[in-house]
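Worksheet for the structure shown next.
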Amino acid sequence: MPREPVPVRRLLLLRHGQTTANVAGALDTAVPGADLTELGRRQAAAVPAAVAEEDVDAIHASTLVRTQQTAEPLAAARGLEVRVLEGLQEIAAGDLEMLLDEASREAYAEGLRRWMLGDLDAALPGGESGHDFLARYTAALVQATGAPGTGTVVVFSHGAAIRVAVSSLVALPPAEAVDLSIANTGGALLERSVDRWSLVQWTATPIGGAELDDPSAADPTGDDVTDETQGR
């Protein structure tokens, strides 16, 4: 007797649109967080057309307002509600929250880099460890993708969170993980068969088109964390 086909669940993790904190380079990770800039709203408005081929059956966002604002155009286009989930928020900056100096940004990046290299016991100053982050983030993804259905679940989340979570979910080699970068409304498309996730596509630039990128903005939660980026 032929086996039943294994259901495949698609997950699209999208970073929020640009905020004033992104432009300034501030480590803005606490609720409620900054609103979108004018460019951020244009990035969000471009999402529906960019994912037109996806059979979206659920939309989730983090507890920070910028992800909810970014999700609104897609939700309106698909006639779906945005479900806010605890656990999808950005990696907490702890003692570094809202700091702008280069040393603070480097300390944040170094924490992420250690996690991607396998040291999940490491903790950001006054913040969470790698184990803490992955436990709450993966639990939220299980909740988001656990409902019946074979369509695509779209989750609007955050730059550092998406990079670290994807690295762990698909077991990226450390050299590839630390090289990941993600601009506002960039993202990752994953597929899950049974309990195994695979990375289908990584989009480092805005999903609506590279012309929506702002390379002049300081962006500590979206930049890669290779050794070469430290101290720049």
Side-chain angles (χ1 to χ4, degrees), residues 7-19 21-22 27-36 40 43-44 47-48 50-51 54-94 97 112 115 120 124 127-170 182 184-192 195 197 199-200 203 207 221-222:
V8 172
R9 195 59 148 149
R10 285 164 73 87
L11 170 64
L12 179 58
L13 289 167
L14 288 178
R15 189 184 178 199
H16 58 82
Q18 186 190 71
T19 70
N22 294 147
L27 290 162
D28 177 20
T29 68
V31 176
D35 290 330
L36 298 183
Q43 291 168 338
V47 170
V51 302
E54 293 291 332
D55 178 23
V56 177
D57 63 12
I59 301 172
H60 298 271
S62 82
T63 52
L64 281 81
V65 295
R66 56 186 178 266
T67 61
Q68 297 162 42
Q69 292 169 344
T70 309
E72 286 169 1
L74 180 61
R78 297 300 180 101
L80 296 170
E81 67 173 313
V82 179
R83 300 173 184 171
V84 176
L85 276 184
E86 181 72 33
L88 296 175
Q89 61 268 28
E90 183 59 289
I91 295 169
E97 183 68 19
L112 306 186
W115 295 355
L120 296 178
L124 292 168
E128 52 195 344
S129 71
H131 292 296
D132 296 333
F133 165 68
L134 288 173
R136 56 98 164 165
Y137 199 87
T138 55
L141 291 184
V142 168
Q143 186 177 351
T145 60
T150 57
T152 301
V153 174
V154 181
V155 168
F156 289 87
S157 187
H158 304 267
I162 291 172
R163 289 183 293 132
V164 173
V166 169
S167 299
S168 176
L169 287 172
V170 305
I182 185 169
N184 294 110
T185 63
L189 178 63
L190 297 90
E191 287 186 348
R192 184 188 65 202
D195 292 325
W197 286 102
L199 179 60
V200 177
T203 305
I207 197 170
T221 59

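Everything quoted here is computed from the prediction, not taken from an experiment.
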Apply side chain to side chain contact (heavy atoms under 4.5 Å, CB included) to Leu134 and list each qualifying residue two or more places apart in sequence or on a separate chain.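 Counting only residues at least two positions away or on another chain, Leu134 forms a side chain to side chain contact (heavy atoms under 4.5 Å, CB included) with Leu120, Val164, Ser168.
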So, using side chain to side chain contact (heavy atoms under 4.5 Å, CB included) as the criterion, who are the partners of Ala50 when residues are at least two apart?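 Checked Ala50 against side chain to side chain contact (heavy atoms under 4.5 Å, CB included); matches are Ile207.
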Which atom names give the shortest non-hydrogen contact between [X] and [Y], and what distance separates them?
| X | Y | answer |
| --- | --- | --- |
| Val155 | Ala144 | CG2-CB, 4.2 Å |
| Ala44 | Pro48 | O-CD, 3.5 Å |
| His60 | Val153 | CD2-CG1, 3.7 Å |
| Gly151 | Arg9 | O-NH1, 2.8 Å |

Mind checking the [atom1]-[atom2] spacing from [X] to [Y]? Nearest 0.5 Å is all I need.
| X | Y | atom1 | atom2 | result |
| --- | --- | --- | --- | --- |
| Leu88 | Thr63 | CG | OG1 | 8.0 Å |
| Ile91 | Tyr137 | CD1 | OH | 9.0 Å |
| Leu27 | Glu90 | CG | CD | 9.0 Å |
| Asp28 | Leu64 | CG | CG | 7.0 Å |
| Trp197 | Glu191 | CH2 | CD | 9.0 Å |
| Leu141 | Arg192 | CG | CZ | 9.5 Å |

Validation: residues 75-85 side-chain donor-acceptor distances under 3.5 Å, sequence neighbours left out:
from: Arg78; atom 1: NH1; to: Glu54; atom 2: O; distance (Å): 2.9
from: Arg78; atom 1: NH2; to: Val51; atom 2: O; distance (Å): 2.9
from: Arg78; atom 1: NH2; to: Glu54; atom 2: O; distance (Å): 3.1

Is there a side-chain contact between Thr70 and Leu36 (heavy atoms, below 4.5 Å)?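 Result yes, sub-4.5 Å side-chain heavy-atom pair found.
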Is any side-chain heavy atom of Arg163 closer than 4.5 Å to a side-chain heavy atom of Leu112?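 Counting from C-beta outward, Arg163 and Leu112 do come under 4.5 Å.
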Can you list, pair by pair, the side-chain donor-acceptor contacts under 3.5 Å of residues 12-19, counting residues two or more places apart and other chains?
from: Arg15; atom 1: NH1; to: Ile182; atom 2: O; distance (Å): 2.9
from: Arg15; atom 1: NH1; to: Asp219; atom 2: OD2; distance (Å): 2.8
from: Arg15; atom 1: NH2; to: Asp219; atom 2: OD1; distance (Å): 2.8
from: Arg15; atom 1: NH2; to: Thr221; atom 2: OG1; distance (Å): 3.0
from: His16; atom 1: NE2; to: Arg66; atom 2: NE; distance (Å): 3.1
from: Gln18; atom 1: OE1; to: Thr37; atom 2: OG1; distance (Å): 2.9
from: Gln18; atom 1: NE2; to: Asp214; atom 2: OD2; distance (Å): 3.0
from: Thr19; atom 1: OG1; to: Ala21; atom 2: N; distance (Å): 3.3
from: Thr19; atom 1: OG1; to: Asn22; atom 2: N; distance (Å): 3.1
from: Thr19; atom 1: OG1; to: Asn22; atom 2: OD1; distance (Å): 3.3

So Asp35 and Gln69, side chain to side chain contact (heavy atoms under 4.5 Å, CB included) or not? Walk me through it. CA-CA 8 Å; Asp35 290 330; Gln69 292 169 344; 3.0 Å; yes
Can you pull out every salt bridge (charged side-chain N to carboxylate O under 4.0 Å, His left out) where at least one residue sits in residues 141-150? Sequence neighbours excluded, please.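 Every candidate salt bridge (charged side-chain N to carboxylate O under 4.0 Å, His left out) pair involving residues 141-150 fails, so no pair, neighbours aside, qualifies.
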Do any pairs count as a salt bridge (charged side-chain N to carboxylate O under 4.0 Å, His left out) and have a residue in residues 131-160, sequence neighbours left out, and if so which ones?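 Output for this query lists Glu128-Arg136.
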Between Glu97 and Thr29, is there a side-chain donor-acceptor contact under 3.5 Å, judged purely by atom types and distance?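 Yes, because at least one side-chain N or O of Thr29 sits under 3.5 Å from a partner of the opposite role on Glu97.
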